[in-house]
Every structure is written in C-alpha cells, then in structure tokens.
Amino acid sequence: MSSLIVRFAPSPTGHVHIGNARTALLNYLFAKKHRGLFILRFDDTDAERSKEAFVQAIEADLNWLGVKPDAVLRQSQRLALHSAAAHRLQEAGRLYPCYETPEELERKRKRLQARGLPPVYDRAALALTASERARLEASGRKPHWRFKLDHRIVRWNDLVRGECHINCASLSDPVLVREDGTYLYTLPSVADDIDQKVSHIIRGEDHVTNTAVQIELFEALGAGQRLPAFGHHNLLFSATGEGLSKRSGALSIGSLREEGIEPLAVAAAAVLTGSSATVHPVVSLCELKANFDLGEISRTQARFDPAELATLSARTLHGLSFEAVRERLAAHDITGRKAEPFWLAVRGNLSTFLDAVGWWRVVEAAIEPRIEEAEFLAQARDKLPEEPWDEGIWARWTKALKEATGRKGRALFHPLRLALTGREDGPELAALLPLIGRARAAARLSGHAA
RNA sequence: GCGCCCAUCGUCUAGCGGUCCAGGACAUCGCCCUUUCACGGCGGAAACACGGGUUCGAUUCCCGUUGGGCGCGCCA
C-alpha cells in the first residue's frame, strides 16, 4: 500500500483555466499512476476574494476533465490546526510581531530598490524593545507576525527541475498572520500539508522561491523528517506570449467546454504541451497517465496554441469508441440498435461532438433533400433494392445504376449524396445508407422531405 | 533594480564533444487514395540567439551579451 498523497490547492478566486487545469491534471495523474490519493483543497484563507460560486465552478470544471478528488477540503474550516501551528512557532521563537503599516513597508521597499538593493524586509521589528512595543500597542497599533527565517541555503531535489537551491538570506521574513489575526496562505498551506500527510507537492514554477520558506516552515513545525518531495512544472503562455493567468478568460475550461472542445483533448494538450512527449490524441485519462512523466517536463516556458486544440479535439473524437460516448449520445436521444453503427460511421467526420446530432437527423429524422437531377434520381429510386439491407447495399445499388445510366464518378455520386443527405460532404454513404433505410431514401430521392 | 531559471524548425521538443550538412510531433506545401469533406499513405520546405573562450573537434562545456520567464505582497 502506497502512502503517496498529492493535493491541488486552488484559491476560489477565479475559474479554472488551462494553466490551472494542467497543475490539477499533473497532480491527479501522478497520484493515480502511483496508486496514491488526490486531495482537492480550497485555499480560501482570503475571505475577501474567495467566493462560493468559484468553489462550485472549480469542482464542476475538474469533474468535466475527469479529475475526481478522493477528498475535498477547505482551509477556512481548519482554523484550529493553523492556530496550533502558529503557537508552536511562537514558542519556538520563530514568530515575531511587526508594527509597520503597509505604506511604511512600501516606502522601505522603494528605498532599497532605488539603491540597487533587493527589497527585503530589514527585520526592524526584531530590534524593538518591550517598552517600544508596548508604546506602539498603546497608540492603537496592532501587530502582524512574521516567520523568522534561518538565513541559510535551502536545497531540494526537484521532481522536474533537478537540484535546486535558494539562499534564504535574500528573502524577506514572510508575514504569516495578518493584523486582524487571520492567516496568510503560507502557514495554513504547510500546516495542512503536514496534517494531511501530503507526500508530493506538484505545482507551477512560480512557487520555487516559496519552497525554501516552506521547507523551513516544515522543519520549524517538526516535520523536517517527513518533508514532501517538490516538483515545479513550467508555466504555459498564450500564443501571443502573455502568461496564462486567471485573467485570460478565453482559455478557461468553461469556455473551452462551450466551444465544444473534448475534455480529453484539453487534458492531453494541458499535460503534454511543454514536455518532450508529443501532443497526441488519447482515448482515456488512463492512457494519458501511462504516457506522462514529470521528468519529461521542460524547464522553459511553453506557448499554448488554442488553434491546435481544435484539431486535437477533432482527432480525439475520431478515435473514441462507441462505449466511450454511449452516454453522451444517449443524452441527445441517440440510442437503440442504430446508435453504434451510426457512431462508427460518422465519428471520422466530426469536428465537435455536437456535429453528430446533425448527422443523426440525417439518418433518423426528416430532412429536406437537395435535388440536382430529378430524372436520374427517380431512376435511382426505382432501382433501390428491397430490404433487408446490409453494408453491401450501397455498392450493389450504385453498380446497378452505373450500368443502367452510364454515369460514373462525380456525376453518379454527387446527386445521390445531395438528395440522400442534403449536404455536399460527409461520411461514406456506404455506411450511411443502411442507416437511412429504404423508405426514407426513396422519399428523398423523389424530392420529398423525409 | 536584486535573486533564481531558461534559450534548437512557425509551435512543442530530441540532442547530454565527433554518430547532426541536427531527429520527431503539430501546423504548412506537394503527390497518392477518394463522388465530396475528413481519415490514411508518401514526399518537401523549415531551427542550433550573438560574441568570446576550452578542445584536434562544439548544438553539446565555460564566460559575457542579448532576449524571455519566475520571484521579490498584511495575494494565493
């Protein structure tokens, strides 16, 4: 029994977009590949910006992608644990009160930058005497609390980036507790990771610097012996080179779904882009799982092209078995004996799944035929063999027509396609005709809607 | 500004000193198959950012330049 546990920890302040989805998928697939657990944990410590509607939307989007969490948690409901962690840090002398206002801090940063220095907190509050603190508090100032970093070089072997190191002396002591006593992301995140026995933290490379701070926190909280492994994947960029952030709504999972993009195509593109694996259509998340490897992810930022997504989606559709889409077809009342041969006949011509509904109408409902050459079509109708029909019916019928009329090629086939389907292009008629059936075919060849 | 990371066809990438006049995939172009579209098959065009080193020999190692990314919040 493996004890591998991963988590995807979005803040419910926006929708899932392709970049987020990638992190979620990477975690999920990694967990499933190693028979581990996948936790969905909402980092909702920012009460101001966190919205319940986003919680619902994120779960729905993940579900659509096929990412099924083994557990769903909310940080906001685990306050006691976070407070306990804060107290432990305080007792260990790693948490100290600071009284600067945001404006003062901003000024300090500006000053340092102007001198060509990194904008790192100067630890002025650490030098405050007890009476100075008392005076500040008496004047109505409330403290926020910082974690006192150990100024050393923190190293870890990253699952995707290899050996990494960060010099904590170049970092500001992070604020863990706000002036109003609520916690910022850093502390709850680590406290929860410890509590939930998270063994692997897979996230975007925008978190590499955080890792040093978090490793120190893990250690300060006594979890130094059970440090999780870290893996930081590269970030995706739009075709025009902008970062794929919460702001780029065009690449949100919801909008992709509305455009009719296949979830498996989104997943394949999200997971495979930016790695040395070639982007290719997959039949299931299981196939994708077997196919990806954190070590194959590149360290460079990768461009994500939505245009490629559309063709990948079509190619994905072309390879889906009837079983894979049975329920989705049923949702559009595409059921019964004809459903499977129908799917097999049309799937290769679909751009989006919804295109199938149009073809189902061609075989199952009344359509207006397009009459190109009425006389020839009447002749064709008269030569229609009696049922029962099998797959060979098209070949036998058109062969007979060819002999009777001398027509061949486009002159023979084009009028038939137009009358039978009402369209210029589409799947092989050999597969479609048996599904259309004799009565319907005869009527259409006569120019009647049927 | 400071720190860290990165730099190969249009795009995603393989390459870990000679096997590379650089390989694959997607896109693109041409041909074939086909009544049409799609699929499929075959073939073409297309890249080592720049400058110094090291070396008998650099895409591959080192330094610099340029370019890009990330971080530097009482956001997550």
Side-chain angles (χ1 to χ4, degrees), chain A residues 9-14 42-46 48-50 75 98 100-102 105-106 109-110 112-121 142-146 158 161-162 164-167 169-172 174-186 188-189 203-213 232 234-237 239 241 243 246 269 272-280 296 298-305 307-309 311-312 314-315 317-319 346-351 398 407-418 421 423-429:
Chain A
S11 61
T13 55
F42 288 103
D43 279 8
D44 52 358
T45 55
D46 185 347
E48 286 281 304
R49 300 193 301 148
S50 296
Q75 256 177 1
C98 301
E100 295 89 348
T101 64
L105 291 171
E106 185 58 30
R109 278 192 288 267
K110 287 255 169 64
L112 287 167
Q113 284 208 21
R115 286 202 286 150
L117 265 23
V120 172
Y121 179 61
K142 293 182 96 173
H144 56 277
W145 300 74
R146 287 185 191 261
D158 198 277
R161 298 163 71 85
C164 290
H165 65 273
I166 301 282
N167 186 357
S170 70
L171 269 29
S172 291
V175 176
L176 260 33
V177 189
R178 293 189 180 91
E179 187 182 308
D180 66 5
T182 59
Y183 301 105
L184 280 102
Y185 142 89
T186 309
S189 176
R203 68 225 306 197
E205 71 174 10
D206 47 339
H207 283 281
V208 304
T209 310
N210 285 336
T211 302
V213 170
H232 293 91
N234 55 359
L235 266 17
L236 259 25
F237 288 80
K246 295 180 174 96
L272 268 15
T273 301
S275 85
S276 59
T278 59
V279 179
H280 64 281
E296 285 184 348
S298 162
R299 295 168 65 126
T300 321
Q301 61 274 18
R303 251 168 241 268
F304 186 87
D305 188 354
E308 284 183 35
L309 195 50
T311 68
L312 181 66
R315 288 192 291 147
L317 230 28
H318 300 168
V346 304
R347 63 177 180 178
N349 280 74
L350 305 178
S351 294
T398 51
R407 285 172 179 266
K408 59 180 183 179
R410 187 178 171 86
L412 172 67
F413 296 112
H414 192 250
L416 296 178
R417 171 175 291 282
L418 240 34
T421 70
R423 302 197 197 185
E424 290 278 353
D425 49 49
E428 303 264 356
L429 281 170

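Note that the structure is predicted; figures quoted are calculated from it, not measured.
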Would you mind reading off the distance between A:Gln75 atom CD and B:rC75 atom P, rounded to a whole angstrom? 15 Å
Nearest-nucleotide check on RNA chain B, A:Tyr185 vs A:His280; residue mapping nearer the 5' end is A:His280
Using whole Å, report how far NE2 of A:His144 lies from P of B:rC75. 10 Å
Provide, to the nearest angstrom, the distance between the NZ atom belonging to A:Lys110 and the C1' atom belonging to B:rG73. 13 Å
Watson-Crick or G-U counterpart of B:rU34, or none if no pair lies under 3.5 Å: none
Would you kindly check whether a donor in the side chain of A:Asn210 faces an acceptor in the base of B:rA76, or vice versa, at under 3.5 angstrom? yes
B:rC72 - base-pair partner by Watson-Crick or wobble geometry, distances under 3.5 Å: B:rG1
Atom pair distance, as rounded to whole Å: CG in A:Asp43 and P in B:rA76: 8 Å
What string of B, S and - do you get for nucleotides 6-15 of chain B 5' to 3' if you count protein non-hydrogen atoms under 4.0 Å? SS---SSSS-
In sequence, state the C-alpha distance, the side-chain angles, and the governing distance for A:Phe42 and A:Ser50, and then conclude on side-chain contact (heavy atoms from CB on, under 4.5 Å). CA-CA 9 Å; A:Phe42 288 103; A:Ser50 296; over 6 Å; no
By the 4.0 Å heavy-atom rule, please label A:Thr45 as base, sugar-phosphate, or nothing. sugar-phosphate
Could you tell me how far B:rA49 sits from B:rU35 if I compare only their P atoms? Round to whole Å. 49 Å
Take atom C1' in B:rA45 and the same atom in B:rG40, then report the distance between them in whole Å. 22 Å
Have a look at A:Leu184 and say if it touches a base, only the backbone sugar-phosphate, or nothing, with a 4.0 Å heavy-atom cut-off. sugar-phosphate
Whole angstroms only, please: what is the CZ-P distance between A:Arg146 and B:rC72? 13 Å
Between CG of A:Leu176 and P of B:rA76 the distance, given in whole Å, is 11 Å
Using a heavy-atom cut-off of under 4.0 Å over every strand shown, decide if A:Arg423 touches base, sugar-phosphate, or nothing. nothing
Rounded to whole Å, the CG-P distance (A:Leu117 to B:rC72) equals 18 Å
B:rG17: pairing nucleotide in any strand, Watson-Crick or G-U under 3.5 angstrom: none
Between B:rC62 and B:rU55, how far apart are the P atoms? Round to whole Å, please. 16 Å
Suppose we define a pair by two distances each less than 3.5 Å, Watson-Crick or G-U wobble; what does B:rU28 pair with here? B:rG44
Show the nearest heavy-atom pair for residues A:Pro119 and A:Ser172, with the distance to one decimal. O-OG, 3.7 Å
Please state how far atom CG in A:Leu112 lies from atom P in B:rG3, giving the value in whole angstrom units. 14 Å
side-chain hydrogen bond (donor to acceptor under 3.5 Å, both in side chains), that's the test. Do A:Arg203 and A:Thr211 meet it? Break it down for me. CA-CA 11 Å; A:Arg203 68 225 306 197; A:Thr211 302; 3.2 Å; yes
Which pair of heavy atoms, one from A:His144 and one from A:Glu100, lies closest together, and at what distance? CE1-O, 3.2 Å
Exercise: do A:Thr421 and A:Arg417 side chains pair donor with acceptor under 3.5 Å: no
Please work out if A:Glu205 contacts a base, only the sugar-phosphate, or nothing of the nucleic acid, heavy-atom cut-off 4.0 Å. sugar-phosphate
pi-stack flag for A:His207 and B:rA76, centroid dist under 5.5 Å, interplanar under 30°: yes
When rounded to the nearest Å, what value does the distance between P atoms of B:rG69 and B:rC32 take? 46 Å
What are the two closest non-hydrogen atoms of A:Gln75 and A:Asp44, and how far apart are they? N-OD1, 3.3 Å
Tell me whether the side-chain N/O atoms of A:Arg109 come closer than 4.0 Å to OP1 or OP2 in B:rG73. yes
Show each protein N/O and nucleotides 32-40 of chain B N/O combination with a separation under 3.5 Å, one pair to a line.
from	atom 1	to	atom 2	distance (Å)
B:rU35	O4	A:Arg417	NH2	3.3
B:rU36	O2	A:Glu424	O	3.3
B:rU36	O2	A:Gly426	N	3.3
B:rU36	N3	A:Arg417	NH2	3.1
B:rU36	N3	A:Gly426	O	3.4
B:rU36	O4	A:Arg417	NH2	3.0
B:rC37	O2	A:Asn349	ND2	2.4
B:rC37	N3	A:Asn349	ND2	3.4
B:rC37	N3	A:Gly426	O	3.4
B:rA38	O2'	A:Gly348	O	3.0

What nucleic acid atoms does A:Leu235 come within less than 4.0 Å of, heavy atoms only: base, sugar-phosphate, or nothing? sugar-phosphate
Is there a Watson-Crick or G-U wobble partner for B:rA7 with both distances under 3.5 Å, and which nucleotide is it? B:rU66
Suppose you measure atom P in B:rA27 against the same atom in B:rU19; what distance do you get, rounded to whole Å? 32 Å
